[in-house]
Amino acid sequence: MKRVTSISPATLPIVTPLGKFTARYSEKGLAELEFPGQKTRVALKRGAVERVPAVVQRWHRAAAAALQSIFAGRNPEQLPPLAPAGTPFQKRVWKALRKISPGKTRSYGAIAQAIGKPKAVRAVGGACGANPIPVLIPCHRVLAANGKLGGFSGGLEWKRQLLAREGVKI
DNA sequence: CCCACAAGTCGCT
DNA sequence: AGCGACTTGTGGG
């Protein structure tokens with residue numbers, strides 16, 4: 001997956017009970033969300049949050065609230081606009097993922113069928129791995145057909161934890 | 001353009 | 001449980 005590293009208007013932290021996430025916003029909305037403990041995080045200087053555009057601050061509040069909701073196992077009432085960069089195929093997959101509500105799971109094969117490419121099962125896995133906005137785009141709710149976890153780019157522990165918070169037993 | 005790989009799945013042993 | 005065949009999108013050479 002090739003992605004252009006453009007200058008984002010804002011990179012902001014989201015502090016949660018599970019750690020400090022990092023959100024990156026483009027002009028169009030939330031572009032990336034990083035799990036706590038990633039090396040690429042950017043330290044913010046004091047007062048930096050106040051200098052980002054008002055619209056981004058609004059998105060950021062929505063993103064933070066949405067994260068909290070999901071960690072509590074609930075469906076977020078409101079989401080910021082999601083603007084992940086990806087290929088057309090990946091975007092189709094990500095769109096399909098968003099239809100899985102908290103506490104539910106789907107198989108990679110089911111997602112492949114949902115986007116009209118029933119044989120592209122493996123490619124769906126690839127697209128999940130390339131998901132720039134984990135949690136909000138719930139790639140953690142996709143399991144292998146045999147009910148096992150499959151993989152997770154943020155580490156399988158995260159996948160387990162997220163599912164547990166939604167009341168899913170493996 | 002060709003090649004290797006991947007967060008899969010199914011069938012067979 | 002293990003193994004191979006099959007498949008498709010993606011990135012590197």
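Bear in mind the structure is a predicted one, so any value in this text is a computation, not a measurement. In what follows, every heavy atom counts, from backbone to side chain, and hydrogens, waters and symmetry copies are set aside. Note on naming: letters A, B, ... go to the chains in the order of the sequence lines (proteins, then strands), and numbering restarts at 1 for each one.
At whole-Å resolution of the value, CZ in A:Arg92 and P in C:dT10 are 11 Å apart. When the C1' atom of C:dT10 is taken as reference, atom NZ of A:Lys117 falls 13 Å away, rounded to whole Å. Between A:Lys91 atom NZ and C:dT10 atom P the separation is 12 Å, expressed in whole Å.
Classified by interplanar angle (parallel below 30°, tilted 30° to 60°, perpendicular above 60°), the ring pair A:His140/A:Phe152 is perpendicular.
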In dot-bracket form, 5' to 3', how is DNA chain C paired? Count Watson-Crick and G-U wobble pairs only if both distances fall under 3.5 Å, and write | where the partner sits on another strand. ||||||.||||||
Once base and sugar-phosphate atoms are separated, protein heavy atoms under 4.0 Å mark nucleotides 7-13 of chain B, 5' to 3', with B, S and - as BBSS---
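In this structure the side chain of A:His60 reaches within 4.5 angstrom of the side chain of A:Ile14, judged on heavy atoms. Put simply, the side chain of A:Arg58 reaches to within 4.5 Å of the side chain of A:Val55, judged on heavy atoms. In this structure, the side chains of A:Gln68 and A:Pro17 come closer than 4.5 Å at one or more pairs of heavy atoms. Counting heavy atoms from C-beta on, the side chains of A:Ile133 and A:Trp94 never come closer than 4.5 Å. For the pair A:Leu30/A:Leu79, no side-chain contact is recorded, criterion being any heavy-atom separation below 4.5 Å from C-beta on.
Checked against the 6.0 Å centroid threshold, A:Trp158 and A:Phe35 count as a close aromatic pair.
Spacing between C:dC6 and B:dA7 at atom P, rounded to whole Å, works out to 22 Å.
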Donor-acceptor pairs under 3.5 angstrom involving side-chain atoms of residues 117-130 of chain A: please list them, not counting sequence neighbours.
none

